[in-house]
Amino acid sequence: MDNDRYARYGALTGIVFVVLLVIGFLIVTPTPPDLDSPVDEWSEYYTDEQDAIRAGIVIVSVSFFFFIWFLGSVATALRVAIGNPRLPTVAFGGGITFVAAIFVAITATAAAAHRPDEVSPELTRALNDVAILVGVPLIAGLVAFFGATALVILRTDVLPDWLGWLSGITGVAQPLAFGILF
């Protein structure tokens, strides 16, 4: 059995993840109201767009199977490249934190879309707010994932240096999202 061939397949799961994530979040899920919109507008959004929101949630949920597979492939490649498990473990832990936060956000969104016409608009809005504010630990996970990955790439020749720099810049840029969240 050629493990390298399967490692390449594992790397391709990252592409499948991104494609499904874009389809689920940006194409299938309708554009929500502004964050400062009145609660009635949020309730109406979840009532009117219930089916599309649910479809987007399913697609995004499936995409995370591929991300978890990709994450395992990345962690393994980093571990082999550097020979020390600390940074690959940090990258893996950051990726798992990202997945867990997204799952909480998806669950809150799914709950808001489950029976929006049977609950108060304030509850629907509160569930949406939970989904958004889960982005705080999500950012920490992405900083750890991209930062540790960048350090391994730049310390080894596992991947091109430009990819290490791109990963590092992406990690450093993640905290800028705090401004969007608040």
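Any value given below was found using the heavy atoms of this structure, including those in side chains, with hydrogens, waters and symmetry copies removed.
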Legend entry - Results of side chain to side chain contact (heavy atoms under 4.5 Å, CB included) for L123 - residues two or more places apart only: V119, S120, L127
Legend entry - Qualifying salt bridge (charged side-chain N to carboxylate O under 4.0 Å, His left out) pairs, either residue in residues 64-91, two or more places apart: none
Legend entry - Any residue meeting side chain to side chain contact (heavy atoms under 4.5 Å, CB included) with A77, in chain and number order, not counting sequence neighbours: none
Inset, instruction - Using the test side chain to side chain contact (heavy atoms under 4.5 Å, CB included), find all partners of Y45 that sit at least two apart in sequence or belong to another chain. - result: T29, P30, P32, P33, W42, E49, I53
Legend entry - Rounded distance [0.5 Å steps], CG in L159 versus CD1 in I153: 4.5 Å
Inset, instruction - Please check if the side chain of Q174 supplies one atom and the backbone of I139 the other of a donor-acceptor pair under 3.5 Å. - result: no
Inset, instruction - Please report the closest heavy-atom contact between A108 and V130, naming both atoms and the distance. - result: CB-CG1, 4.0 Å
Inset, instruction - Quick one: closest heavy-atom pair of A81 and V152, and the distance? - result: CB-CG1, 4.4 Å
Legend entry - ring pair (Phe, Tyr, Trp, His ring centres under 6.0 Å) partners of residues 98-145, not counting sequence neighbours, each pair once: F64-F98, F64-F103, F67-F98
Legend entry - Interatomic distance, S61 atom OG to I102 atom CD1 [nearest 0.5 angstrom]: 10.0 Å
Legend entry - Sequence neighbours excluded - salt bridge (charged side-chain N to carboxylate O under 4.0 Å, His left out) pairs with any residue from residues 143-170: none
Inset, instruction - Looking only at non-hydrogen atoms, find the nearest pair between V134 and A101 and report the distance. - result: CG1-O, 2.8 Å
Legend entry - Minimum-distance pair of heavy atoms, taken over all atoms of Q50 and P116: NE2-CD, 3.3 Å
Inset, instruction - Output all residues satisfying salt bridge (charged side-chain N to carboxylate O under 4.0 Å, His left out) with R115, sequence neighbours left out; order by chain, then residue number. - result: E118
Inset, instruction - Spell out, as yes or no, whether a donor-acceptor pair under 3.5 Å connects the side chain of S43 to the backbone of V39. - result: no
Quiz: residues 10-23 side-chain donor-acceptor pairs under 3.5 angstrom, not counting sequence neighbours:
| from | atom 1 | to | atom 2 | distance (Å) |
| --- | --- | --- | --- | --- |
| T13 | OG1 | G10 | O | 2.4 |
| T13 | OG1 | F66 | O | 3.4 |
| T13 | OG1 | F70 | N | 3.2 |

Inset, instruction - Could you work out the complete set of other residues in the hydrophobic cluster of V80, with links drawn between I, L, V, M, F, W and Y side chains under 4.5 Å apart? - result: none
Inset, instruction - Would you name the heavy atoms of G56 and V28 that are closest together and state the gap between them? - result: N-CG1, 3.5 Å
Legend entry - Spacing of I82 atom CD1 and L151 atom CG [to the nearest 0.5 Å]: 8.0 Å
Legend entry - Transitive ILVMFWY cluster of W165, excluding itself - 4.5 Å side-chain cut-off: L154
Inset, instruction - Report the distance from atom CG of N128 to atom OG1 of T109, rounding to the nearest 0.5 Å. - result: 6.0 Å
Inset, instruction - Flag the pair L163 / S167 as yes when at least one side-chain heavy-atom distance between them is below 4.5 Å, and no otherwise. - result: no
Inset, instruction - Considering only Ile, Leu, Val, Met, Phe, Trp and Tyr, and joining two whenever side-chain heavy atoms are under 4.5 Å apart, list the other residues clustered with V172. - result: none
Inset, instruction - With the side chain counted from C-beta on, respond yes when I106 and V60 share a heavy-atom pair under 4.5 Å apart, and no when they do not. - result: yes
Inset, instruction - Enumerate the residue pairs fulfilling side-chain hydrogen bond (donor to acceptor under 3.5 Å, both in side chains) with a member in residues 129-149, sequence neighbours excluded, ordered by first and then second residue. - result: R125-D129
Inset, instruction - To the nearest 0.5 angstrom, please state how far the OG1 atom of T76 sits from the CG atom of L71. - result: 9.0 Å
Legend entry - Residue pair L133 / P137: nearest heavy atoms and the distance that separates them: O-CD, 4.0 Å
Legend entry - CD1-CD1 distance between I96 and I68, expressed to the nearest 0.5 angstrom: 5.5 Å
